[in-house]
**Student:** 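Encoded as structure tokens, here's the structure I'll be asking about.
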Protein chains: 2
Amino acid sequence: MKDVAARAGVGLSTVSRVVSEKSGVSRAKRRAVERAIAELGYSRNEFAHTLRTGSARTIGVVVTRISDPFYAQLVSTIEERAQERDLLVLVASAGDDPVEGERVLRRMLTRRLDGLIVVAHEEADVSFLAAEKEAGTRIVFVDRPPRGLHADLIAVDNERGAADAVAHLVQAGHRVIACLAHTSGRFTSERRQAGFRQGLRDAGLPARPELIVAVDDDVDACVEALRELWSLDDPPTALFTTNSRTTKAVLKALRLLDAHPALVGFDDFDLAELMNPPVTTIAQDPWAIGDAAAGLLFDRIAGLAGPERRITLGTRLIVRGSGELPPG
Amino acid sequence: MKDVAARAGVGLSTVSRVVSEKSGVSRAKRRAVERAIAELGYSRNEFAHTLRTGSARTIGVVVTRISDPFYAQLVSTIEERAQERDLLVLVASAGDDPVEGERVLRRMLTRRLDGLIVVAHEEADVSFLAAEKEAGTRIVFVDRPPRGLHADLIAVDNERGAADAVAHLVQAGHRVIACLAHTSGRFTSERRQAGFRQGLRDAGLPARPELIVAVDDDVDACVEALRELWSLDDPPTALFTTNSRTTKAVLKALRLLDAHPALVGFDDFDLAELMNPPVTTIAQDPWAIGDAAAGLLFDRIAGLAGPERRITLGTRLIVRGSGELPPG
DNA sequence: TTGTAAGCGTTATCAT
DNA sequence: ATGATAACGCTTACAA
């Protein structure tokens, strides 16, 4: 910057004004500075800039696993929206371990970010973020409410979505429906189970506990769970799965068992339409979620005050056929 | 930091030494400083640190689309490796537009990154990176060689993989094989087409130009292309697709057409095993690629000198059945 | 071992 | 409109 000033024959402040696109510089000097910048290939040192101004023009996004298509889409959307505002995006996977997750978050906060979007591990206590929040870092949570902290949240209507799935299956004539709930994801999984039960109630059907089973996304575990379900006196004719990883595992298990019950899965997934039969899903829109999260975060950064918001997005039933198989 | 020093009753440099985990501090003072840090909830300002030392402890990753599962996995792996070294990762999607891509890269470089991993748009001229490279930013390219720049590259053996696919189809008895090549991705697509032709040569079969068609990943375009192939005098009994987006589009088109030719696709994809029949693929391992890219980048950052490297990773034929359908 | 002070590249304040 | 100068928070000679 000194070099630029020297070459342009102006003072440091003038260069700074030009670089920061501030007014109050004569056309002539502005031109001179711009030329010097071009000639010297100068670009502002963002660290000095940040040190001085306090804003890093960077936001952070922490998700459990970037490689999960849902989160990948979420990150993608946020990054797109950030680009529009000339913000850079730091990403990190928090992984399955809450302790590691805290380490990851802390490392991020080290960077005096303008804002942070977090999909935290559901068990993780994030009360340690309170100090940062107090200190001015805007934080928006996605998918699950933070434990130990009041903060903005973008989530989907898990109950409603699950109830829609049940209604769809009931309409196709099913009376005995099982719910395969993913073991991880306590919050979302529980909300979806609750919606499942509500859906049964709405249809005047009993919510039999033996028809709600916890599985992880391991195919063998799903095979086992399905065998047990079918060994019941009154076995289910339809299945509801609480997330796409479970849906996929169940589909693989069903192929192994050569079984073809009706099925509706929470979360849409790529190639659902190519399954045999095509899989009906309750879609949550990662684009809309990311957009809402980024939007709220940017509003907060811009100074939006007021109490914590909790924005709930709807889900959409995508009928493809697997939910309409008749019982039996 | 001043506060910490005051509270601990020591000088600034002592605090700095403790924070930077440098030796030469007495046990007593170190303890005092650590206590003061804990009490005050102090954490080092990374920008001041970077301003002083020059290293941001941050790397950048630029891919064409984060939401693409392949790149999501790549980013995930790189981020994982970065975490081990306490590095943070900036990500950005360069999109399909080379101009926008240059903007994205420039914005990243603004941050004096320790290193950069890039999957550039294939048409994009990245010669503007030469100055940065000269200035010391380590850059590793992935998947496609950069245009207008000599730099490290991690890629897969596209020719070999494609030739393997052809060999597999030939072994199943196919003599007329079509190649559906994705229109984008000039470099990879061309390499894979070359491999396709080589595979035919190896089998003593002619490479008929009318059997190599360019499609994008639009289902209608694939339907059209397939119809034309089947209107040939001697229509193909097997298909080779040059990437997973194309493979998926072709699968959707085949369902619409209710056609069941043999098929091998370049790139593995989730649920390939649940297709009907399960889809045989040439898998490139995004984990291995990310690992290699991160490894080389870290080596360069650590001072590894020497000429540009070009690391080629192998592919793996995953036989699932779709390639073994007999002709006719 | 410890502290003092200079300086990293900016921007903000204040004269001019 | 412009420029000198003092921070921003840290590291690192150098001196003690």
Side-chain angles (χ1 to χ4, degrees), chain A residues 1-37 39-58 86 88 107 109-114 132 135-137, chain B residues 1-37 40-58 86 88 107 109-114 131-132 135-137:
Chain A
M1 185 151 144
K2 260 191 302 194
D3 298 345
V4 172
R7 182 158 194 136
V10 301
L12 248 35
S13 350
T14 301
V15 177
S16 175
R17 287 184 188 107
V18 171
V19 170
S20 303
E21 300 179 336
K22 293 234 166 81
S23 58
V25 182
S26 68
R27 283 186 93 63
K29 299 228 166 191
R30 160 158 282 133
R31 273 241 231 288
V33 170
E34 281 164 352
R35 191 148 47 83
I37 286 178
E39 285 167 6
L40 267 44
Y42 162 86
S43 83
R44 158 164 89 190
N45 182 319
E46 291 295 323
F47 295 98
H49 176 243
T50 300
L51 177 58
R52 203 47 242 258
T53 62
S55 158
R57 300 212 59 74
T58 303
D86 211 54
L88 246 27
R107 191 178 313 153
L109 291 170
T110 260
R111 293 311 213 283
R112 304 263 189 289
L113 302 172
D114 296 333
E132 279 296 329
T137 307
Chain B
M1 185 150 144
K2 260 192 302 195
D3 298 344
V4 172
R7 181 157 196 138
V10 303
L12 250 35
S13 18
T14 301
V15 178
S16 175
R17 288 185 188 107
V18 172
V19 170
S20 304
E21 300 179 335
K22 294 235 164 81
S23 56
V25 182
S26 67
R27 282 186 93 63
K29 300 229 166 188
R30 159 158 282 135
R31 273 241 232 287
V33 170
E34 280 163 353
R35 191 146 48 81
I37 286 178
L40 267 43
Y42 162 87
S43 81
R44 153 164 93 192
N45 182 318
E46 291 296 324
F47 294 98
H49 178 242
T50 300
L51 178 58
R52 203 47 240 258
T53 62
S55 158
R57 301 212 59 74
T58 303
D86 211 57
L88 247 26
R107 191 178 313 154
L109 291 170
T110 260
R111 293 309 213 280
R112 305 265 190 287
L113 303 171
D114 295 334
E132 279 297 328
T137 307

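Throughout, a chain's letter reflects where its sequence line sits, starting with A, and its residues are numbered from 1.
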**Student:** Determine: side-chain N/O of Thr53(B) to OP1/OP2 of dC10(D), distance under 4.0 Å, yes or no.
**Tutor:** no
**Student:** NA contact type, Ser43(A), heavy-atom cut-off 4.0 Å: base, sugar-phosphate, or nothing?
**Tutor:** sugar-phosphate
**Student:** By the 4.0 Å heavy-atom rule, please label Thr50(B) as base, sugar-phosphate, or nothing.
**Tutor:** nothing
**Student:** I'd like to know if Arg112(B) reaches the base of dG9(C) with its side chain, counting only an N/O donor and acceptor under 3.5 Å.
**Tutor:** no
**Student:** Is the closest basic N to carboxylate O distance between Arg7(A) and Glu39(A) below 4.0 Å?
**Tutor:** yes
**Student:** What contact category does Ser26(B) fall into here, base, sugar-phosphate, or nothing, at under 4.0 angstrom with non-hydrogen atoms?
**Tutor:** sugar-phosphate
**Student:** From CG of Leu12(A) over to C1' of dA12(C), roughly how many Å is that when rounded to an integer?
**Tutor:** 13 Å
**Student:** What contact category does Val19(A) fall into here, base, sugar-phosphate, or nothing, at under 4.0 angstrom with non-hydrogen atoms?
**Tutor:** nothing
**Student:** Base, sugar-phosphate alone, or nothing: which one does Ser16(B) contact when heavy atoms must sit under 4.0 Å apart?
**Tutor:** base
**Student:** Base, sugar-phosphate, or nothing: which does Lys2(A) touch, judged by heavy atoms less than 4.0 Å apart?
**Tutor:** nothing
**Student:** Rounded to whole angstroms, how far apart are CZ on Arg31(B) and C1' on dT2(C)?
**Tutor:** 19 Å
**Student:** Below 3.5 Å, does any donor atom in the side chain of Ser13(A) face an acceptor in the base of dA4(D), or the other way round?
**Tutor:** yes
**Student:** Just call it for Arg17(A): base, sugar-phosphate, or nothing, with non-hydrogen atoms closer than 4.0 Å on any strand.
**Tutor:** base
**Student:** I'd like to check Arg111(B) versus Thr58(A) (side-chain heavy atoms, cut-off strictly below 4.5 Å). Are they in contact?
**Tutor:** yes
**Student:** Can you find a donor-acceptor N/O pair under 3.5 angstrom joining the side chain of Arg52(A) to the base of dA12(C)?
**Tutor:** no
